[in-house]
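What follows is a short report on a single structure.
A quick note: this is a predicted structure, and the numbers were derived from the prediction, not measured. What you see below is based on every heavy atom in this structure, not just the backbone, and it leaves out hydrogens, waters and symmetry mates. Numbers here are sequence positions counted from 1.
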Amino acid sequence: MESCFSTTISSSSSSSSSPFSIFSIQGSSSNVGRKFSKSCMHPQLLSCQLPKPFLQLNGRPKYRLNQRRSAYLSSATYKDPISAEKQGWDLGRFFKTLYFFNGPPSPAKIVEFIIEKLSGSSPEESEKKMGTSDYVLVVGATGGVGRRVVNNLRKKGLPVKALVRNEEKARKMLGPDIELIVGDITKESTLVAQYFKGVKKVINAASVIIGPKEGDTPDRAKYSQGVKFFEPEIKGDSPEMVEYIGMKNLINAVKESVGLRTGKLLFGFEDQLSKELDWGALDDVVMGGVSESTFQIDRTGGEGGKPTGLFKGIVSTANNGGFTSIRTKNFSSPVDLKAYDGFELRLKGDGRRYKLIVRTSTDWDTVGYTASFDTIGGQWQSIRLPFSSLRPVFRAQTVSDAPPFNPSNVVSFQLMFSKFEYDGKLNPTFVEGPFELPLSTIKAYIKDPITPRFVHVSSAGVTRPDRPGIDLSKQPPAVRLNKELDFVLTFKLKGEDLIRESGIPYTIVRPCALTEEPAGADLVFDQGDNITGKISREEIALICIAALESPYACDKTFEVKSVVPFSEPFTVDPENPPPEKDYNIYFQTLKDGITGKESLEQSAIAV
């Protein structure tokens, strides 16, 4: 009784020159119908039942037009009495509602609508068939660390996509069944956002290539020994292109897919951001009622005198009505919220219970994924509605066999104040009369505890080239030769800063010199960019994967090395391998805000 009219095709046999009958109102039990001529027909008005306040004159239904003045929905107070008695139906407002959401009648739309209804499965059924996975994207997947990350993720049974430049090389190295995205982080045009749909987490092991000046063996044996053992030079793209511009391109490509720590603004006004939607009233006039609402932007009515949206109206149970709502037009393209866990509304309550209805189909008369929420009178509050709390509702009834809510295909929102709940239950806070609900934002949020969505393999030493008082003779070659290597560490640090400033939950891992030794040695985790030593690529791969699941690693930057000195090789007995590490023990020791840049900033202040 509280939702929208149907768009299903009626099998009514009443006579008319038009083959289309209209009006099956959600929740309405009336079977009264009327035929419309093609000249007034709109494809979204097919097969809807007429509400009860109709008269039959000369064998044909006629409207009783509403003679009562509509409630004045500006800042003025409501003075009209509320009555549950029969009142005239405002046919003009009814058609105004239809026109706002569906546009003018179009024969082409009628044909399109019929074809859509008669063909194949519904959008919900398609969603159920398709399914989506939360992929881990590995960038630099054919490198020394990257290919180990891919192998270990697949051993864990996790869905993986690999971003690579050379498809043939990747297939040979990673296997024929690996899902590949062929692209180059230094070329923004190759990183099409659609390629990354379904990616929820990223491990970036891409790095500028440093090799021996004198050349290397086909299997890069010298490179595998580490920079310590050869005179290095940059091979291929420059550090600026890979470490800085490449990082910027990669972040822009995956940001929508992996999500932001502070959430995604879907409607409203927050700090310097604003996002407005095209809302329209959708009240019980669609089933013969007389309730009326509107939505306005109050530029000074929000918290601290900031802008806010305002859902306001007057609700009546006359003519078997009892609900008001506002609904957005369908978005120009579906919004993908798979990176998030729910909706968060910032509003000023009035002590009533409202509903948020979210649709994942562009059809007019379709399942709405719905959650009720209670408000506190006169108080600004944040209300979180997990995606898991959204129930599929159609015509005020729960649809038990509907597919689960698909956050990757959100197409519209609706806010409702109604006498009715679901499945015959009533809203315990419902009262007739005027109401106001200031709504400053609708956001998608990531639930706590937040874990990293972007793990980046950087390098120890990135803050040292410009650090005052440092003894370069005791530093690794990359620190001593930073200038000769086109400022490789300087641009790595700039790339790190881009991640920290992006809003994506992250972990930055700074390994000391990488080796081909096996994982398993005891480790040292440190912060501040001071340690030197070595660590195996296999160990770094395992650390990166573990960081994805650890809230302790979120928004942390750290260096890591093994306790084994450079002069001593580390080996593992295959018959007695070391136990698997619980990397959370190390992550728990990490602190926020320590990057090693602190000493640079202090020296700048001193100067």
Side-chain angles (χ1 to χ4, degrees), residues 139-140 143-146 148-149 202-208 210 226-228 239 242-244 246-247 250 452 454-467 470 474-482 485 487-502 504-515 519 521 523-548 550 552-564 566 581 583 586-587 589-601:
V139 185
V145 172
R148 290 172 169 87
V149 170
V202 176
I203 296 178
N204 179 31
S207 176
V208 68
I210 300 177
V227 176
K228 185 180 180 74
V242 177
E243 307 291 349
Y244 179 64
M247 179 65 75
L250 179 60
F454 193 115
V455 176
H456 173 57
V457 182
S458 182
S459 173
V462 292
T463 69
R464 299 179 209 175
D466 297 321
R467 187 182 298 179
I470 195 169
K474 296 181 179 179
Q475 293 299 314
V479 176
R480 298 197 309 270
L481 300 173
N482 183 56
L485 294 174
F487 298 96
V488 58
L489 295 181
T490 302
F491 284 110
K492 280 183 178 288
L493 182 60
K494 287 179 178 290
E496 288 186 7
D497 288 340
L498 290 174
I499 302 172
R500 284 188 276 263
E501 296 163 2
S502 69
I504 300 172
Y506 69 88
T507 299
I508 296 174
V509 183
R510 292 171 171 172
C512 292
L514 291 166
T515 72
L523 302 177
V524 175
F525 276 54
D526 197 39
Q527 292 179 280
D529 196 18
N530 296 304
I531 61 174
T532 60
K534 68 175 181 177
I535 187 167
S536 83
R537 292 180 173 88
E538 180 72 16
E539 194 85 63
I540 292 298
L542 296 174
I543 290 170
C544 289
I545 294 170
L548 288 176
S550 176
Y552 299 109
C554 193
D555 297 344
K556 302 296 196 306
T557 301
F558 62 90
E559 298 79 47
V560 59
K561 69 172 185 175
S562 79
V563 299
V564 180
F566 255 118
K581 293 186 179 70
Y583 294 103
Y586 297 98
F587 296 146
T589 67
L590 302 175
K591 298 179 180 179
D592 292 324
I594 301 177
T595 65
K597 294 176 63 177
E598 299 79 21
S599 58
L600 300 178
E601 293 163 358

- prompt: Where do Arg500 and Asp497 land on the salt bridge (charged side-chain N to carboxylate O under 4.0 Å, His left out) test, with the steps shown first?
  reply: CA-CA 5 Å; Arg500 284 188 276 263; Asp497 288 340; 3.0 Å; yes
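A distance of 12.5 Å separates NE2 of His456 from CD1 of Ile504, quoted to the nearest 0.5 Å. Between Ile470 atom CD1 and Arg480 atom CZ the span is 11.5 Å, to the nearest 0.5 Å. Here the straight-line distance linking atom NZ of Lys591 with atom CD of Gln527 works out to 8.0 Å at 0.5 Å rounding. Glu538 CD to Thr515 OG1: the interatomic distance, rounded to the nearest 0.5 Å, is 10.5 Å. The line from CG of Leu590 to SG of Cys554 is 11.5 Å long, rounded to the nearest 0.5 Å. Rounding to the nearest 0.5 Å gives a distance of 8.5 Å between CG of Asp466 and CZ of Phe487.
Contact check for Leu493 versus Lys597: side-chain heavy atoms found under the 4.5 Å cut-off. Looking at heavy atoms from C-beta onward, Leu489 lies in side-chain contact with Lys492 at the 4.5 angstrom threshold. Residues Ile499 and Glu496 have side chains not in contact (no heavy-atom distance under 4.5 Å, counting atoms from C-beta outward). A 4.5 Å side-chain heavy-atom check between Val457 and Val149 finds every atom pair outside the cut-off. Taking 4.5 Å as the limit, every side-chain heavy atom of Thr595 sits out of range of all side-chain heavy atoms of Thr463. Side chains of Phe525 and Val509 form no contact here, defined as non-hydrogen atoms less than 4.5 Å apart. With contacts defined as side-chain heavy-atom distances shorter than 4.5 Å, the pair Ile543/Glu539 qualifies. Pro452 is not listed as a side-chain neighbour of Lys556, based on a closest heavy-atom distance of 4.5 Å or more.
In terms of the salt bridge (Lys or Arg N to Asp or Glu O under 4.0 Å) criterion, residue partners of Asp555 (sequence neighbours excluded) are, by chain and number, Arg261. Residues passing the salt bridge (Lys or Arg N to Asp or Glu O under 4.0 Å) test with Lys561, sequence neighbours excluded: none.
Looking at every heavy atom in both residues, Ala478 comes nearest to Leu485 through CA-CD1, 4.4 Å. Heavy-atom minimum distance, Pro476 versus Arg464: CD-NH1, 4.0 Å. Of all heavy-atom pairs between Glu559 and Ala460, the closest is CG-CB, 4.2 Å.
Using the six-membered ring where Trp is involved, Tyr244 and Phe491 have ring planes that are tilted, between 30° and 60° apart.
Asn482 contributes a side-chain N or O that, together with a main-chain N or O of Val488, makes up a donor-acceptor pair within less than 3.5 Å. With hydrogens and angles disregarded, a donor-acceptor distance shorter than 3.5 Å links the side chain of Thr589 to the backbone of Tyr586. Between the side chain of Glu243 and the backbone N or O of Ser207, no donor-acceptor pair lies under 3.5 Å. Proximity of a side-chain donor or acceptor of Arg510 to a complementary backbone N or O of Thr557 within less than 3.5 Å is not detected.
Taking a 6.0 Å sphere around NZ of Lys581, one finds it holds more than 12 heavy atoms contributed by other residues, nucleotides or ligands.
Partner of Phe454 under the side-chain contact (heavy atoms from CB on, under 4.5 Å) criterion, chosen from Thr507, Leu250, Ile508: Leu250.
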